[in-house]
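Below is one structure, written out as C-alpha cells, with a few remarks after it.
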Amino acid sequence: MKSVLVTGGAGYIGSHTVLELKNRNITAVVLDNLSTGHREAVHTPHFYEGDISDCGLVKSIIRKHNIDAVIHFAAKSLVSESIEKPELYFRENTIKSCSFFETIIQEGVKHIVFSSTAAVYGITGDKPIRETAPLEPVNPYGESKLMIEKYLHWVGKRHNVKWAALRYFNAAGAALDGIIGEDHNPESHLIPLILQTALGRREKISIFGDDYPTPDGTCIRDYIHVLDLAAAHLSALGALYEDRLVQNVYNVGTGAGHSVKEMIETSETITERNIPKQTDKRRAGDPPVLVADSRALQEHTGWKPKYSDLQTIIQSAWAWHTTHPSGF
Ligand code: UFG
C-alpha cells in the first residue's frame, strides 16, 4: 500500500482515519469539498478541496499520487435531513459515488473501503444484528448507502475490484491527544449534545422518549470509539490486499449496548457536573435497540475494539469539548 485516497478526510471519521494512516507511515491524500468537514481536521500535507464528482480532479490526484486504494467517506450523513431532502441524499451519496467509483476504477484502482451504515438494516429487532439481517432501510440515508453496496457488488465483480463496506454503528469519542474531535453544525448527536450541556453551552439535554421496550425505557445504541473505527478501515484494507476477506460487508461495533440515560449518567460522573435533562417525545425513525454483531470483522481481519469502553469514549470526547468549546 503506497498512497491511499481518503474522500471526506476532513470529516469526523475520515480525519481520524487519516491520523491512523499517518501513524502507520502510509501516505494519506485527502479530497473533501468542506461542505461539512473542517480544513483544520486534516493532518496530511496532501489536501485537495473539491468534489468527488469532479472526474478531472479525481483522475489527476490518482495519477499524481500513484493511488491504488481508496477509502470513501465523503457523504451526507444525517438521518433527519435525509427524510426532509431525499433528492439531496440520492444525489450526493448515490449518484456521485457511482460516478466517483467509475472514474477510479477506470484509472486502475483495485482496492476500495466504503463507509456504510447500520441504517441499512432499519428496524430488525435482532440483538445483536448480524450482517445477514434483512436490509430494509427506514430512511433515505440508509437507502442511499445500501444502493452503493449493491453497485460495488456488481461493478466490483465485473472489474475484479476488491472492496469492503463497513456498516458503522454509533461513532463516538475523539483522538486521545485531543487534536481532533467531533464537530457538526448543527450538532444532532447525543454525546456532543450531552457534553455541550455539561459545559453550559446548552440549557438541557432532551431524552427522546423514555417509554421504549428497554430496561430503563430509553434507546440503546452501540457506541464505537472513532479510533477503533479508523483502525477497522485499515484492518479491512490490509485484508483486501492480502486477499483474506471472506465477505464484502462488515458491521463495526462493540456488541455492547448503552441506553441514553446511561450515557448521561456516565457523563455526569466523568465531567463531575450535573447535566440538566428533560424527557421529550420520541424522535421519528429511532429504533429502540441497535447493537452490532461484529464478530465477522474480528475473525476475518484480527481487528478488535480497544478504546470503546464508555469511560474512554466520554473522557476523550470531554477533553476535546473542553479544549474546543466552539469546535475547530
Ligand atoms: N438522542 C436523545 N437526545 C438527543 C440526541 C439523541 O435522546 O438530543 C438519542 C437518540 O434518540 C438515539 C441516541 O440518542 O436513541 C443516539 O442518537 P444519535 O443522534 O447520536 O445517533 P443515531 O443512533 O440516531 O445515529 C447513528 C449515526 C447515523 C446512522 C444511525 C443508524 O449517527 O449516521 O446511527 O441508525 F445513520
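For ligands, and for the atoms within them, numbers begin at 1 and follow the listed sequence.
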Inset, instruction - Please lay out, stage by stage, how Glu187 and Arg202 fare under the test salt bridge (charged side-chain N to carboxylate O under 4.0 Å, His left out). - result: CA-CA 11 Å; Glu187 190 52 75; Arg202 292 179 188 270; over 6 Å; no

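Within the listing of ligand 1, atoms 8 (O) sit less than 4.0 angstrom from a heavy atom of Ile205. Residue Leu290 has at least one heavy-atom neighbour below 4.0 Å for each of these atoms of ligand 1: 35 (O). Numbered from 1 in the order shown, with element, the atoms of ligand 1 that lie under 4.0 Å from a heavy atom of Ser188 read 5 (C), 19 (O). Per-residue contacts place Ile207 under 4.0 angstrom from the following atoms of ligand 1 (heavy atoms of the residue considered): 7 (O). Residue contact check: Ser77 has heavy atoms under 4.0 Å from atoms 33 (O) of ligand 1. Per-residue contacts place Ser206 under 4.0 angstrom from the following atoms of ligand 1 (heavy atoms of the residue considered): 2 (C), 3 (N), 4 (C), 7 (O), 8 (O). Heavy-atom proximity to Val79, at under 4.0 Å, picks out these atoms of ligand 1: 36 (F). Listed by number with element, the atoms of ligand 1 under 4.0 Å from a non-hydrogen atom of Cys219 are 15 (O).
Both the backbone and the side chain of Leu190 come within 4.0 Å of ligand 1, counting heavy atoms alone. Counting heavy atoms closer than 4.0 Å to ligand 1, residue Tyr141 contributes side-chain atoms (C-beta onward) but none from N, CA, C or O. Within the 4.0 Å heavy-atom criterion, the part of Tyr223 lying near ligand 1 is the side chain and not the backbone. Heavy atoms of Arg282 found under 4.0 angstrom from ligand 1: none, in either backbone or side chain. At a heavy-atom distance under 4.0 Å, no atom of Pro287 approaches ligand 1. Neither the backbone nor the side chain of Leu78 comes within contact range of ligand 1; no heavy atom lies under 4.0 Å. Residue Arg283 touches ligand 1 through its side chain alone, judged by heavy-atom distances below 4.0 Å.
The aromatic rings of His72 and Phe101 stand perpendicular to each other, their planes meeting at an angle above 60°, with 30° marking the opposite boundary. Note: Phe328 and Trp320 have tilted aromatic rings, judged against thresholds of 30 and 60 degrees for the angle between ring planes.
Here Tyr141 contributes atom OH and Thr117 contributes atom OG1; the two are 4.0 Å apart, rounded to the nearest 0.5 Å. Note that the CG atom of Leu190 and the NE2 atom of His258 stand 12.0 Å from one another [nearest 0.5 Å]. Remark: Ile205 CD1 to Thr279 OG1 distance equals 11.0 Å, nearest 0.5 Å. Atoms CG and NZ, on Leu240 and Lys110 in that order, are 13.0 Å from each other to the nearest 0.5 Å.
At the shortest separation from atom 11 (O) of ligand 1 among protein heavy atoms lies Asp286 OD2, 2.6 Å. Counting protein heavy atoms only, atom 21 (O) of ligand 1 is closest to Asn170 ND2, 3.2 Å. Scanning all protein heavy atoms for the shortest distance to atom 8 (O) of ligand 1 gives Leu193 CD1, 3.4 Å. Counting protein heavy atoms only, atom 9 (C) of ligand 1 is closest to Val260 CG2, 3.7 Å. For atom 29 (C) of ligand 1, the closest non-hydrogen atom on the protein side is Thr117 OG1, 3.7 Å. Here the heavy atom of the protein found nearest to atom 27 (C) of ligand 1 is His189 NE2, 4.4 Å.
Put simply, the side chain of Gln315 never gets that close to the backbone of Thr312: no donor and acceptor are under 3.5 Å apart. No donor-acceptor distance shorter than 3.5 angstrom exists from the side chain of Thr17 to the backbone of Ala230, with no hydrogens or angles considered. The closest donor-acceptor contact from the side chain of Asn170 to the backbone of Arg221 lies at 3.5 Å or more, if one exists at all.
By the 4.5 Å heavy-atom criterion applied to side chains, Val6 and Leu21 are counted as neighbours.
Evaluated by nearest non-hydrogen atom to atom 2 (C) of ligand 1, the leading choice among Tyr212, Phe208, Tyr12 is Phe208.
Of the residues listed (Val291, Val252, Ile129, Thr254), the one engaging Phe169 in a side-chain contact (heavy atoms from CB on, under 4.5 Å) is Ile129, and it is the only one. For the side-chain contact (heavy atoms from CB on, under 4.5 Å) test with Arg167, the passing option among Tyr121, Tyr250, Phe114 is Tyr121; the others fail.
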